[in-house]
Amino acid sequence: MDLFTLVLPFSKCAAGLVVSLRIGERTPGEDKPMSDRPSYEQLNTNFNWVIAERELGYRPGDVINIGWMCSDRLCQLGLAEKLALLWEDYQGNQKRFTYNDLRVYSNTIAHFLARLGILPGERVCLFLDRVPELYIGFLGILKMGAVAQPLFSAFGDESLCVRLKDAGTSAIVTQKKHLHKVRKIREQLPNLRHCIVVDVPQASLQERETAFAMEQVPPVEHFPIYPTKAESPSVLHYTSGTTGQPKGAQHVHYSIVAQYLTAKWVLDFRPDDIYWCNADPGWVTGTSYGIIGPWANGITQAVLDSGFNAGKWYEFIEKYRVTVWYSAPTAIRLLMKEGAEIIRKHDLSSLRHLASVGEPLNPEAVIWSKEVFGKPFHDTFWQTETGCIVITNFPGMEIKPGSMGKPFPGITATVLDPRTYEPAKAGLIALRPGWPSQIRGYWNNPAGYQAKFRNGWYLCGDRASIDADGYFWFMGRDDDVINTGGHLVGPFEVESALLGCPAVAESAAVAKPDPVNMEVVKAYVTVKQGYQPSDDLELEIMNHIRKRLSPLAMPQEIEFVESLPKTRSGKIVRRILRCKEFNEPVGDLSTIMDD
Ligand code: PRX
């Protein structure tokens, strides 16, 4: 049997699941194209990235600097007094910054770094909560030609040390509350010349530590931007490590061309939007679409420096009249868990466009959001390595719930047979290299990057199928796919069926060794409030999913757990559960939430 036949039942199964939920029909409804919005097909015809270059005022060979493009350029376009950042923290402290503030404060930071002796090309780590200095500091680092290396402030000292060592980082910008972690690893990091602390006086600091209060030092009106070019390194992002050692993904300044246009088209930006991206800039979503995309478009963005709390989130949307919301399936599932009652207590009528990224977006989440917000979440697929959205439910496009949509114009995407690397109907997601925000390599690891290419394609490491209309349906990470008796089962289909059960809050389907079938499906499940794990509940869940899954994809076992292992960006790490089943070591866990 060839591979196509092997995987076909499961791509059929995805369609079957949708049909059985009666959500497979196309849903033009609320998502109809707005009259002034060109359709996906129109935009796809004769697409050229030059559109974005022109809109950004860039010509090949020019200086191109993300820090300048996201601040000074907007001021030159007459947006100096427009609000760029509406910031609030968990205690309710608030700050507002205009585009002119972004320009001046990022100059101030760039000037300060240059005076410290940081050189263009050196890595400067941002190790901060979601405070304004993180967002504006990012622009400042880029303006003086250094490379921004944002890391989650929740990292422990070991996770931090591994990444600073690998990158040979020269300076780190942090806060008082995280300083002890830097001090602990300092001796192991000979390249780390400076530790900059944004919220303490110099008197409380030690040698090689410098206080810098962005809003208190004399503002720098004019700063000579370092003349970075298209291929100059900009951002070094460490990937979330669901599949092993974290890798430093190296982005360049030209990436803004793709981030600008994908943000504009996919997030459907309009000049008066108030945009909220839930992601922390320690994750690529928080930089590509939490800094560069919105600011390159001159959009006002709101930032909430606080963990997940459904009530607080809805209050935030209501208070700031958020219109465009970019979130993630984990957050959406948590909101679903809290129920619809709490939503009715808030006026969320400002919401106009919703999008999601990071994990497969289950059909239930799309249906739910249409019910409770009156808008579907639009799934978007991409990676740290792609730098921008590559497959997406385009605004105005008919959404097929459970599908990732179609390739962004200018992105050539397909799926390849994993044995021949030839295009197939189901297999490995592959992209033709050459879009502007594709990373230029992994830091210190050229072989690792080379291994991502086959037959002229970049391989994402994920599996999907493509239906007759050209929609992509996610199956799972390539290494999460379960091989049962030679049949490949994508965890997403099993998990989607499980999430259709009223009792199930979250689920993860992984392979479990089996003497007969080599592997069988095992499901880990957390239950919603009001349900208790029991044999009866297991039976009930099994009965529920039996109607939706092929017999091969049926879990042989369900294990109830308190929580599932996740990365800091909220992705379920099936690898850990799989290793548990196979009694194997789990490897690097430095991005896992509970470390
Ligand atoms: O497995 C895919 C999953 O997240 C991976 C990329 O993770 P990261 O580099 O952290 O970047 C995520 C944010 C851009 C992918 O290889 N993934 C991302 N989006 C989706 C997804 N899986 C399914 N559906 C998605 N929409």
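As the structure is a prediction and not an experimental result, all values here were calculated from the model. All values below were derived from every heavy atom in this structure, side-chain atoms included, with hydrogens, water molecules and symmetry-related copies excluded. In listed order, ligands and their atoms are each counted from 1.
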A.B. asks: Please say whether T285 places an N or O atom under 3.5 Å from an N or O atom belonging to ligand 1.
C.D. replies: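 In fact, backbone or side chain, T285 has no N or O that close.
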A.B. asks: Is the gap between the ring centers of W313 and F308 under 6.0 Å?
C.D. replies: yes
A.B. asks: Of all the atoms in ligand 1, which lie at a distance below 4.0 Å from a heavy atom belonging to T384?
C.D. replies: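 Every atom of ligand 1 under 4.0 Å from some heavy atom of T384: 8 (P), 9 (O), 10 (O), 11 (O).
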A.B. asks: Polar-atom distance check: F474 versus ligand 1, any N or O pair below 3.5 Å?
C.D. replies: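 No, since none of the N or O atoms of F474 sits under 3.5 Å from an N or O of ligand 1.
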A.B. asks: Decide whether an N or O pair under 3.5 Å exists between T239 and ligand 1.
C.D. replies: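 Looking only at distances, the answer is no, because the N/O contact criterion of under 3.5 Å is not met.
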A.B. asks: Side chain, backbone, both or neither: which part of Q383 has a heavy atom under 4.0 Å from ligand 1?
C.D. replies: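 Both of them.
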A.B. asks: Quick one about Q450 and Y442 (side-chain donor to acceptor, distance below 3.5 Å, no hydrogens or angles considered), yes or no?
C.D. replies: no
A.B. asks: Between the side chains of Q259 and S288, is a donor N or O closer than 3.5 angstrom to an acceptor N or O?
C.D. replies: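 Checked: Q259/S288 side chains pair up, N/O donor to acceptor below 3.5 Å.
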A.B. asks: Determine the minimum heavy-atom distance between Y326 and T285, stating which atoms define it.
C.D. replies: CE2-CG2, 3.9 Å
A.B. asks: For G358 and ligand 1, answer yes if some heavy atom of the residue is under 4.0 Å from a ligand atom, otherwise no.
C.D. replies: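 G358 counts as a contact of ligand 1 under the 4.0 Å cut-off.
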A.B. asks: If the cut-off is 4.0 Å to any non-hydrogen atom of M404, which atoms of ligand 1 fall inside it?
C.D. replies: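 Counting atoms of ligand 1 from 1, those under 4.0 Å from M404 are 24 (N).
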A.B. asks: Record the part of F492 in heavy-atom contact with ligand 1 below 4.0 Å; permitted values are side chain, backbone, both and neither.
C.D. replies: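 Under 4.0 Å from ligand 1, F492 contributes no heavy atoms.
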A.B. asks: Whether the D467 and W473 side chains hold a donor-acceptor pair (N or O, under 3.5 Å, no angle test) is what I'd like checked.
C.D. replies: yes
A.B. asks: Ring centres of F408 and W382 under 6.0 Å apart?
C.D. replies: no
A.B. asks: Quick check on D379 - does any of its heavy atoms sit under 4.0 Å from an atom of ligand 1?
C.D. replies: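 Judged by the 4.0 Å heavy-atom criterion, D379 does count as contacting ligand 1.
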A.B. asks: Should one rank F472, F381, W283 by closest heavy-atom distance to atom 20 (C) of ligand 1, which comes out on top?
C.D. replies: F381
A.B. asks: Mind telling me whether F381 and F474 have parallel, tilted or perpendicular rings, with 30° and 60° as the class edges?
C.D. replies: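 Ring orientation, 0 to 90° scale: tilted.
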A.B. asks: Just checking, any donor-acceptor pair under 3.5 angstrom between side chains of Y458 and Q383?
C.D. replies: yes
A.B. asks: Within a distance under 4.0 Å of any heavy atom of T380, pick out the atoms of ligand 1 and give their elements.
C.D. replies: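 The atoms of ligand 1 under 4.0 Å from a heavy atom of T380 are 19 (N), 25 (C), 26 (N).
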A.B. asks: Suppose I only count heavy atoms of R477 and a 4.0 Å limit; which atoms of ligand 1 are within that range?
C.D. replies: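 Numbered from 1, ligand 1 contributes 1 (O), 15 (C), 16 (O).
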A.B. asks: Are any of the N/O atoms in S356 less than 3.5 Å from those in ligand 1?
C.D. replies: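 Not met; the criterion fails.
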A.B. asks: Can you find a side-chain donor-acceptor pair between E385 and Y449 that sits under 3.5 Å?
C.D. replies: no
